[in-house]
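Proteins come first, then strands; the chains are lettered A, B, ... in the order of their sequence lines, and each starts at number 1.
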Amino acid sequence: MRIQRVRGIPDWLGADAARLRLLEEQGIGLARQYGYQEVVLPVLEPKELFVRSIGTHTDIVGKEMYCFEDRGGEAICLRPEGTAGAVRAFLQAGLHRGGTQRWCYVGPMFRRERPQKGRLRQFTQFGCECFGLASPAADVELLALAWRYLDALGVAARVRLLLNSLGCSVCRPPYRERLVAFLEARRERLCADCQARITRNPMRVLDCKNASCQAELQSAPHMLDMLCDACRAHFAEVRAGLEALGIAYRVDPKIVRGLDYYTRTAFEFVAEGLGAQATVLAGGRYDGLVKALGGPDVPAVGFAAGLERLALLLDEAPLAAPDAVVIALGEEMLAPSLKVAEALRREGFFVVHAGGGGAKRQFREADRQGARWAVIVGEDEWKRGLVRVKDLQTGTQHELDLEEACKLLRTD
RNA sequence: GUGGACGUAGCUCAACGGUAGAGCCCCGGGUUGUGGUCCCGGUGGUUGGGGGUUCGAGUCCCCUCGUCCACCCCA
């Protein structure tokens, strides 16, 4: 048995790779338009960073992280998400004294989960983080960027935005207390998963897929009904902003987000037809995280998009075909043909050299490459300073010097 | 981590418990200097791996690994 790839960590080849690259470039390019600057952050971080930011009792930290001890004895992890590292870098650079920072990034994340459709152990996220703005305007602009991104990719019609507010350190604890009390009161009527969730993450119970649990939850208290004045005002502003920009959304009190650090605004863009892993881009506000990681009280909002999931929504893009394939007829012509290929490339053409050898093989190669033109370097013509240019669609060919050949190639 | 479905050539798939095959792809020839069509030929498999039942296992049984889908969780 030959060596195979690690479970849940796929190879992206050909058109699939091109599609991921497109997703990356589109994201970074658009983010820049909104004032977000690209940052390149480490894939490895101290384990402690994720424990402190994501929360010990979450699945990610509890059982999904790839961790190891390096030779110095330090506990190192492959990052399971991007926000924690961004905050760490932000603090380490002392940028909390540098005013508002808007960052974007793309890169691989790692979680040791059971693979399924839209869920991989190594996956790519495009993320944006905005530090230093408490205003709902920051939430709205971030959402606008996310929306533009999905729209630019052509998937906006198949995605809907779900919005919620998770409250803050003032209003969430009392809500949580009331919810737990509510759930405890009917503990034995909830499913086993939900019973465990009561202590681990009670808000998760709200979106249990079990019908009998949902029936029990009819009269459950909602965070939105218990927001403090500041959170209520913030949420109203976010909604007003979205409406002003014409971005459609639905308030969904069941959007709770998995990670501990979220406050106030939480959102998910959910796609149709992706199976169970349909959240394609998600994020929210995390005003407490910078402080929790030892920094000052800096508010922040951000999102991350799962590029492999988005790729599932995109049509397969055909790979670009070369403008011309260069064919050498006869061993003597190999070196001259290489020169011809280089000269054409210097003129800006996308050129593949067929590799010499039999004519039939080389033309077949040109065909497979999907090239429009074959530039044939043969002995007779070369002696006269000419090459043959064949239109592979019509089969017609001309003897031309290099300059004329370029002109012809440029006509199409 | 739990449940279910499925593993035969590079790909898509056949083969009643009885000689492992087809199509596509790939390589070569027909055409020592002209492709995509056509014709001819060829490479390619320890049937995911291991064990068992049987005169005989791709086929039945057990284990294991892998893939997919769902749960859980999340992008």
Strictly below 4.0 Å: does A/K360 bring a side-chain N or O up to OP1 or OP2 of B/U32?
no
Base of B/G48 paired with side chain of A/Q4 (donor-acceptor, under 3.5 Å)
no
Once hydrogens and angles are ignored, does a donor-acceptor distance under 3.5 Å link the base of B/C27 to the side chain of A/R364?
no
Which of these nucleotides, B/U67, B/A75, B/G33, is closest to any side-chain atom of A/D380?
B/G33
Report yes if the distance between the aromatic ring centroids of A/F126 and A/Y149 is under 6.0 Å, otherwise no.
yes
Mind checking the P distance from B/U47 to B/G36? Whole angstroms is fine.
35 Å
Is it the case that B/U34 (base atoms only) and A/Q362 (side chain only) share a donor and an acceptor within less than 3.5 Å, ignoring hydrogens and angles?
no
Can you find a donor-acceptor N/O pair under 3.5 angstrom joining the side chain of A/R114 to the base of B/U2?
yes
So, is the end of the A/R112 side chain (NZ or CZ) under 6.0 Å from the ring centre of A/F110 and within 45° of the ring's axis?
no
Upstream residue (5' side of RNA chain B) when A/A305 and A/K117 are each assigned their closest nucleotide:
A/K117
Residue-phosphate contact under 4.0 Å: A/R388 side-chain N/O, B/G33 OP1/OP2
no
With a centroid cutoff of 5.5 Å and a plane-angle limit of 30°, would you call A/F363 stacked on B/G36?
no
Can you tell which of B/C69, B/G35, B/C26 lies closest to the side chain of A/D367?
B/G35
Is there a side-chain polar atom (N or O) of A/R200 under 4.0 Å from OP1 or OP2 of B/C73?
yes
